[in-house]
*Asks:* 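After the structure tokens below, expect a handful of questions from me.
Whatever order the structure lists them in is the order used to number ligands and atoms, beginning at 1.
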Amino acid sequence: MENPIGIFDSGIGGISILEKLKKLLPNENFIYLADNRNCPYGSKSKKEILSLSDKNCEKLIEFNCKIIIIACNTSTTNSIQKLREMISLPIVGIEPGLKPAINYTKTKNIGVLATEKTLGSKLFFETLNKNKIDDINIHEQIGYELVNMIEEGLNSKKNLYKILKSYLTPMINKNIDCLLLGCTHFNHIKDIIKEILPKNIKIVDTIGPVNKHVLNKLKFKNILNKSKNKRFIKVFYNGKELSSNYLDKEYELSYLEF
Ligand code: DGL
């Protein structure tokens, strides 16, 4: 089936998923929506996040997408259940990998860096309660200004380093041995996070498992693209032009009202 795979995020964050997914699925066409006019989602109300997510899904449906990937933890944790009730297409959403982190930790201390609304969401809370063992401590940190800095193309690395250090140090001091990246934007600063973290702390992101899940869904539903036509990857944004720091040459980039 040649119909594209639809992906959305509040901006550039989900490009970190697309980057890997386009390699895993070299025959597939993609439509990526960066709703950067409304970025950041992380400080909006649950109602607003649901309405923005629904708007993005409607646009992807107009593009005849065969599956929707929510490349935004904030949107997944605040809207995926409702979206699945409203939309009949398969929907896959990224969310913080609490389960793998809980299985991994030896020090029984896990750090989570995410947006305010992801950490405050019912889904995050329920997933935590379902998997958590009593003696494991979760140390949460809201990424406050990080999303905006990443959207703007990381002009001041020095300032970013300083802010990140102030977010990560309290978690390091709590003896965490893994850090969950609970916001797709943060994948773009993984190298700087690695520089700050001691070597024994593992960074857990969920891009790999989400992409594998997408592949399995496409196989199971028998909707993989078997055509030999040259594939396309279209990236649309509705606000300021996206920073070229994160964009591959293969992407056809354009402005779109949505
Ligand atoms: N990239 C997003 C996430 O994974 C959203 C960041 C934001 O818009 O606040 O949570």
Side-chain angles (χ1 to χ4, degrees), residues 6-21 32-57 60 68-81 83 91-98 101 111-125 127-128 140-154 160 163-164 167 179-190 192-193 203-211 213-214 235-240 242-243 245-247 258:
I7 309 182
F8 76 84
D9 178 39
S10 63
I12 205 86
I15 290 284
S16 58
I17 295 187
L18 176 62
E19 236 167 56
K20 300 222 164 97
L21 195 58
Y32 182 96
L33 299 181
D35 187 17
N36 61 340
R37 182 162 56 98
N38 296 300
C39 189
Y41 282 8
S43 48
K44 293 192 162 45
S45 71
K46 187 177 169 75
K47 205 170 146 205
E48 280 174 301
I49 297 167
L50 173 61
S51 137
L52 292 169
S53 305
D54 183 34
K55 160 191 76 76
N56 299 333
C57 288
L60 293 173
I68 293 175
I69 303 168
I70 307 179
C72 171
N73 295 261
T74 312
S75 170
T76 303
T77 50
N78 285 278
S79 71
I80 196 165
Q81 287 150 330
L83 292 173
I91 304 177
V92 175
I94 191 155
E95 57 185 298
L98 281 167
V112 189
L113 186 61
T115 68
E116 182 189 338
K117 281 299 173 336
T118 292
L119 294 172
S121 67
K122 203 168 141 224
L123 186 64
F124 182 79
F125 181 75
T127 314
L128 185 59
E140 299 177 358
Q141 173 64 53
I142 297 174
Y144 294 107
E145 59 272 80
L146 295 178
V147 170
N148 283 340
M149 291 176 84
I150 295 163
E151 277 296 309
E152 272 151 35
L154 295 175
L160 172 73
I163 293 174
L164 267 177
Y167 290 165
L179 174 72
L180 278 182
L181 295 189
C183 169
T184 50
H185 278 76
F186 304 160
N187 294 308
H188 296 302
I189 52 170
K190 210 169 171 177
I192 309 173
I193 294 177
I203 299 178
V204 179
D205 74 58
T206 40
I207 299 182
V210 164
N211 286 351
H213 189 52
V214 173
V235 174
F236 296 104
Y237 58 95
N238 58 6
K240 276 202 290 189
L242 297 176
S243 165
N245 293 356
Y246 315 102
L247 300 170
F258 63 91

*Asks:* Run the side-chain contact (heavy atoms from CB on, under 4.5 Å) check on K55 and F258 step by step: do they pass?
*Replies:* CA-CA 7 Å; K55 160 191 76 76; F258 63 91; 3.5 Å; yes

*Asks:* Check this for me - ligand 1, T118, N or O atoms closer than 3.5 angstrom, yes or no?
*Replies:* no

*Asks:* Are N238 and N36 close enough, and set up right, to give a side-chain contact (heavy atoms from CB on, under 4.5 Å), and what steps lead you there?
*Replies:* CA-CA 6 Å; N238 58 6; N36 61 340; 3.3 Å; yes

*Asks:* What is the closest protein heavy atom to atom 10 (O) of ligand 1, and at what distance does it sit?
*Replies:* T74 OG1, 2.6 Å

*Asks:* Any idea which protein heavy atom is nearest atom 3 (C) of ligand 1, and the distance to it?
*Replies:* N73 N, 3.3 Å

*Asks:* What do we get for T184 next to ligand 1 when only non-hydrogen atoms under 4.0 Å count, side chain, backbone, both or neither?
*Replies:* both

*Asks:* Enumerate the atoms of ligand 1 whose separation from the nearest heavy atom of S10 is less than 4.0 angstrom.
*Replies:* 5 (C), 6 (C), 7 (C), 8 (O)

*Asks:* Looking only at protein heavy atoms, which one is nearest to atom 9 (O) of ligand 1, and how far off is it?
*Replies:* G42 N, 2.8 Å

*Asks:* Quick check on contacts: which atoms of ligand 1 are under 4.0 angstrom from a heavy atom of C72?
*Replies:* 2 (C), 3 (C), 4 (O), 5 (C), 10 (O)

*Asks:* Tell me the closest heavy-atom pair linking E95 and T206, and the distance in Å.
*Replies:* O-OG1, 3.1 Å

*Asks:* Run the side-chain contact (heavy atoms from CB on, under 4.5 Å) check on E151 and H185 step by step: do they pass?
*Replies:* CA-CA 8 Å; E151 277 296 309; H185 278 76; 2.7 Å; yes

*Asks:* Scan T74, D9, N78, D35 and name whichever one has a side-chain hydrogen bond (donor to acceptor under 3.5 Å, both in side chains) with Y41.
*Replies:* D35

*Asks:* Quick one: which ligand 1 atoms are inside 4.0 Å of a heavy atom on T115?
*Replies:* 6 (C), 9 (O), 10 (O)

*Asks:* Taking side chain to side chain contact (heavy atoms under 4.5 Å, CB included) as the criterion, tell me which of L123, N73, L113 meets it with T118.
*Replies:* N73

*Asks:* I need the single residue from I70, N56, T76 that forms a side chain to side chain contact (heavy atoms under 4.5 Å, CB included) with L83. Which is it?
*Replies:* I70

*Asks:* Tell me the protein heavy atom at minimum distance from atom 7 (C) of ligand 1, and give that distance in Å.
*Replies:* Y41 N, 3.3 Å

